[in-house]
Structure formats: structure tokens, C-alpha cells
Trainee: 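Mind having a look at this structure? Questions to follow.
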Amino acid sequence: MILHRAAPRLPVLTAPLLALCGACGGEGAGARPNIVLISIDTLRPDHLGCYGYGRPTSPNIDAIAAQGALFEQHISSAPWTLPAHAAMFTSVPDSVHGVVDAVKFRLSEDFETLPESFQSAGYATAGFFAGPYLHPAFGLGQGFDRYVDCVQTVPDGHVDADNEWSMRDPVLRASHHGVTNDKVYAEWQRFFGEASTEDEPFFAFVHLWDVHFDFTPPPPYDTLFDPDYDGPFTGRDFFYDPAINAAIPERDKEHIIALYDGEIAWTDEIVGRIRHDLGAAGLLEDTIFVITADHGTELFDHGAKGHRTTLYDEQIHIPLIVHYPGVVSAARFVGQTRMIDLGPTLRDLAGLPAVATTMGESLGPHLRGELVGGPDRPAVSELMSVGRNLRSLRTSSGKFVVNHDDGGSAWFDLGQDPGELQPLMLSPEGGGAGLKRLYDEAAEEIISGLSRAPGGAAAADVPASIQRSLAANGYAGGDDD
Ligand SMILES: [Zn+2]
């Protein structure tokens with residue numbers, strides 16, 4: 001059987017694509033590499049070894065990062081699952097793709113999404129998702145030949161009728177319980193077993209959900225980082241249980257964070273298994289392997305928990321690691337990059353044409369070593385849901401945040417105050433003025449992007465079961481995900 005090696009093989013591209021491919025240069029041009037895009041939901045880079053974390057949470061990811069490119073300051077467009085993945089697939093910010101809240105919105109069919117580009121180029125495309133917001137009802141299944149729902153939806157009996165929080169939508173809460181990595185991995189294996197023996201290359205999107213709360217990793221990861229704890233907390237119902245809050249003793253917080261880290265270690269094992277599968281099939285050299293996330297999460301950093309609540313770094317700073325031997329050398333890029341850059345980068349590395357509506361920019365020239373110095377790009381993040389109306393502009397050294405409801409603004413000097421604990425006011429002496437100018441330019445670019453975008457988000461046709469579930473839970477107007 002023919003494997004997806006980088007050896008010359010007649011591409012199954014259309015003639016215009018072939019012409020573009022021949023012109024795009026780079027060792028990978030025309031090779032038609034496979035793509036494995038792993039989105040680890042809710043993964044904070046500061047909890048990975050390769051980003052400097054002290055605990056050994058991520059030996060497999062660290063090994064991949066050591067051989068590939070790591071972007072230290074990669075910034076998401078949004079602090080929650082639905083708009084972040086919409087941005088990952090369209091490479092435009094929330095204001096432009098328009099999927100800024102649940103139930104009412106779905107991604108417009110008129111965008112050319114990242115999987116659609118690869119599908120059009122003759123790739124076999126597959127996606128495996130385990131979080132409810134990845135449901136095709138929200139438009140995120142566009143371009144996948146196969147889009148497999150691995151969400152855990154069966155109530156597991158953990159409902160206490162005496163507790164209001166426990167009664168809030170047991171169906172959806174069940175999606176946070178338990179373990180789904182196994183199911184996603186099994187679906188990956190099923191797909192890979194077929195795809196690795198076919199002539200055409202493949203694009204696989206692997207969404208791993210277990211790092212998202214609840215923090216209930218399977219053994220041995222449940223006790224890996226805090227085996228001696230004998231307190232009352234389990235990581236279960238992290239978000240819903242009001243007893244878990246910033247006022248609990250530090251020792252209990254440490255335990256909850258140890259469970260979050262256990263979920264990362266468990267998910268790292270899955271990443272290692274996928275890498276092993278590629279290696280066993282001889283496809284490591286011919287695959288662009290990407291590890292990233294949709295957003296982070298707050299672990300009491302600003303006195304609260306979860307995400308979809310602020311635009312602080314713990315919610316919008318995400319990892320980006322790109323491994324593509326022979327094309328991408330081992331490198332660490334310290335300058336800032338953006339989630340919306342990922343789509344253009346993957347199309348570039350694979351020799352696909354650019355898409356006019358994207359607002360990101362390929363990192364390919366940096367990854368291929370064609371440009372001296374790394375990228376450093378201002379990043380826009382937005383939260384227009386759950387009663388918030390926030391937009392931020394972040395550079396490597398500062399962040400400017402605007403609340404569009406009351407017109408208020410503040411900025412942070414990230415060099416002096418990396419934890420964003422001291423909001424600063426704009427001052428005539430120039431404090432924050434440079435950030436404000438970049439913010440205004442970004443706002444203009446968003447208006448320009450809207451004029452090129454193929455139309456607003458279509459109304460979501462969410463199945464009644466999911467809609468009821470989301471609404472009851474407060475997904476449509478509450479705080480979650
Ligand atoms: Zn998410």
C-alpha cells in the first residue's frame with residue numbers, strides 16, 4: 001500500500017492549485033503532507049513542561065516541541081470553545097465570523113473553513129470532537145468527510161435533588177464528567193487505520209476535551225501529582241459547585257490544580273499514542289503535526305474559576321507547537337502570534353492557496369527559516385457573551401481592554417505586571433497611548449474584514465435536545481465553557 005511519504009507523487013490537485021503549489025517553494029511544496037491538528041480544550045501553556053512548568057505534565061508534548069517549533073506567546077481570539085474554534089477554522093476574529101453566542105448562531109456556510117480547503121484539495125478529512133460546542137449544529141462540521149461526536153451525554157446519576165447547582169441540566173453537566181479521550185482516540189485509530197493505507201493524504205482534527213473541567217482524570221493520573229491529599233475536593237463539578245471558590249484553603253486549591261495537571265498528563269499520553277501510530281506507519285516525516293488549544297481557564301488567578309468570563313491571559317494564552325521534519329526546524333519563537341494565523345500557516349505549509357477572507361497571516365516564512373527574526377503581531381481577543389462585551393488588543397508587552405457596554409477601558413503593562421493585577425488608566429503623558437492606537441487600528445481592520453466576509457452567522461438550527469440542554473444550563477446566557 002502507498003503511504004503518505006514526502007517522496008514525489010503526482011498530486012491530485014486541480015491545475016490552478018498545482019500551478020500555485022509549484023510556485024510556493026520550500027522543501028514540502030507539492031509533497032502533500034498529512035495534517036494532524038490537535039486541539040486540547042482548555043489547555044494553559046504555563047502548565048506544560050515545554051513552556052516552563054515545573055511538574056512533568058507533558059513528556060510527549062515536550063518531546064515533540066523539542067523537535068519542532070514552539071510559539072511562546074500564542075493568543076486565542078476568544079476565551080471559550082465555540083467562537084475560538086470558529087476562529088481556528090475561519091482565521092477571523094469573533095466580530096467577523098459572528099458566532100459570538102450559543103443557540104442563536106452558527107458559522108455561515110459561506111466561509112471557506114480550514115477543513116473545507118483541504119477537502120477541496122483532495123484530502124480525506126475527519127474530525128473527532130468531545131465537547132458539546134463542537135456539534136455540527138453550530139456549523140463547525142463544515143468540510144469534514146467524517147465528523148464524529150464523542151461527547152459524553154448520558155447522565156451518570158451524579159444528581160443531587162437537594163442541591164440547586166446539582167440539578168442544573170444533568171444532561172449537559174454529564175458532558176463534563178467522565179473520560180472522553182479514550183473514545184476520541186478509538187475514533188482516530190479507526191480513521192487512521194483506513195486513511196494511512198489510502199493514496200490521498202488526510203487532514204485529521206482531534207479535539208481532546210478531558211483537560212476541560214471537570215478535573216477527574218483516570219488512574220493513575222488522579223493521584224499522580226497529589227497522592228497524599230485527604231481533603232473534601234475531588235475536581236468534580238469544578239465549575240458548578242459553589243463550594244469550590246477562591247476562598248477555600250490554599251491546600252485545597254493546590255489539589256484542584258493537581259487534578260487539572262493530571263488531566264493534562266492523561267491527555268499527553270493520548271498525544272503520545274497518536275504520535276506512535278504515525279511513527280509505526282512511517283508517516284512522521286510526512287505529517288504536519290500541530291498541538292494547540294482553543295483557550296485557557298482561570299484557576300483562581302483573579303479570584304474566580306473557569307473561563308468565558310474575562311480576557312486575562314490565563315483564558316486567552318494558548319500553546320502552539322508545529323512539527324514538520326525537513327521543513328520546520330527546531331525553534332522557539334518568543335514574539336506574539338495569533339490563533340487566526342494557524343489556518344493560513346497550514347495552507348501555506350501544505351501548498352494550498354490562501355483564502356481571501358482570512359485575517360491571519362502565515363507563519364510559514366518564519367517556520368521555514370526564510371525570514372530573520374520571529375513574528376510579533378498584535379492580537380485581538382473578544383468576549384461578547386454571558387453579559388460581557390469586551391475586546392482586547394495584546395502586544396508582547398501590553399494589553400488594552402475596552403468594555404463596549406460602558407465605554408470603559410484599561411491597560412496593563414505586561415512587562416511590569418505579567419499577572420494583570422494592576423489595571424492602568426490612559427494618561428495624557430502617554431501611558432497606554434500606543435496600545436490604544438493599535439487597538440483603534442485593529443478595530444478598523446475588523447470593519448474591513450467584515451466587508452470581505454461572506455456574510456454574518458446563520459441562525460443555529462440546534463437540535464432540541466442540545467438547545468434545551470444549553471439553555472437550561474445557562475450556556476445561552478450563563479457562565480460556562
Ligand atoms: Zn473550550
Side-chain angles (χ1 to χ4, degrees), residues 37-48 74-90 93-94 97 99-103 105 107 127-141 149-153 172-181 184 205-216 238-240 260 263-264 266-267 270-271 290-299 304-320 339-340 342 381-386 388 466 469-470 473-476 478-481:
L37 170 55
I38 299 182
S39 174
I40 301 177
D41 210 292
T42 319
L43 177 60
R44 289 174 56 146
D46 60 351
H47 282 247
L48 296 174
H74 194 58
I75 302 298
S76 179
S77 301
W80 62 289
T81 308
L82 175 55
H85 280 102
M88 192 184 292
F89 288 165
T90 61
D94 287 26
H97 65 60
V99 192
V100 298
D101 210 334
V103 180
F105 301 107
L107 185 62
F128 318 98
F129 67 96
Y133 275 132
L134 277 294
H135 193 280
F138 296 111
L140 297 181
D149 182 346
C150 301
V151 178
Q152 177 171 320
T153 54
L172 189 75
R173 280 180 50 244
S175 75
H176 295 129
H177 292 171
V179 172
T180 54
N181 281 354
V184 173
F205 168 70
V206 183
H207 173 245
L208 294 167
W209 173 252
D210 284 346
V211 174
H212 190 286
F213 52 76
D214 299 342
F215 305 142
T216 52
F238 166 80
F239 191 79
Y240 298 95
Y260 174 74
E263 293 278 27
I264 294 173
W266 156 231
T267 301
I270 301 296
V271 172
V290 177
I291 300 165
T292 190
D294 53 350
H295 54 76
T297 204
E298 178 169 358
L299 298 168
K305 61 181 177 178
H307 46 273
R308 197 178 175 182
T309 52
T310 75
L311 295 176
Y312 291 126
D313 273 9
E314 62 265 20
Q315 297 197 31
I316 62 168
H317 185 202
I318 54 175
L320 178 63
M339 170 180 271
I340 58 173
L342 178 60
S381 304
E382 297 175 293
L383 175 58
M384 293 174 281
S385 179
V386 294
R388 275 99 169 160
I466 290 183
S469 179
L470 293 170
N473 175 268
Y475 264 79
D479 309 306
D480 191 5
D481 274 303

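Ligands are counted one by one from 1 in listed order, and the atoms in each one are counted from 1 as well.
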Trainee: State whether T81 contributes an N/O/S atom found under 2.8 Å from the Zn ion (ligand 1).
Mentor: yes
Trainee: Could you tell me which N, O or S atom of D41 is nearest to the Zn ion (ligand 1)?
Mentor: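 Looking only at N, O and S atoms of D41, the one nearest the Zn ion (ligand 1) is named OD1.
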Trainee: Strictly under 2.8 Å, is any N, O or S atom of H85 next to the Zn ion (ligand 1)?
Mentor: no
Trainee: List the residues meeting side chain to side chain donor-acceptor pair (under 3.5 Å) with T292, not counting sequence neighbours, and say none if there are none.
Mentor: none
Trainee: Over 60° means perpendicular and under 30° means parallel, so classify the ring planes of H307 and F213, tilted if in between.
Mentor: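 Ring orientation of F213 relative to H307: tilted.
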Trainee: Below 6.0 angstrom between ring centroids: does that apply to F238 and Y260?
Mentor: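 Ring-ring flag for F238/Y260: false, centres at least 6.0 Å apart.
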Trainee: Restricting to side chain to side chain donor-acceptor pair (under 3.5 Å), what partner residues turn up for D210, sequence neighbours left out?
Mentor: T180, N181, W266
Trainee: Taking the Zn ion (ligand 1) as the reference point, name the nearest N/O/S atom of H295.
Mentor: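 Going by distance to the Zn ion (ligand 1), the closest N, O or S atom in H295 is NE2.
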Trainee: Mind listing the closest non-hydrogen atom pair of H295 and T81 along with its distance?
Mentor: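 Closest heavy-atom pair between H295 and T81: NE2-OG1, 3.3 Å.
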Trainee: I'd like the atom name of the N/O/S atom in D294 lying closest to the Zn ion (ligand 1).
Mentor: OD2
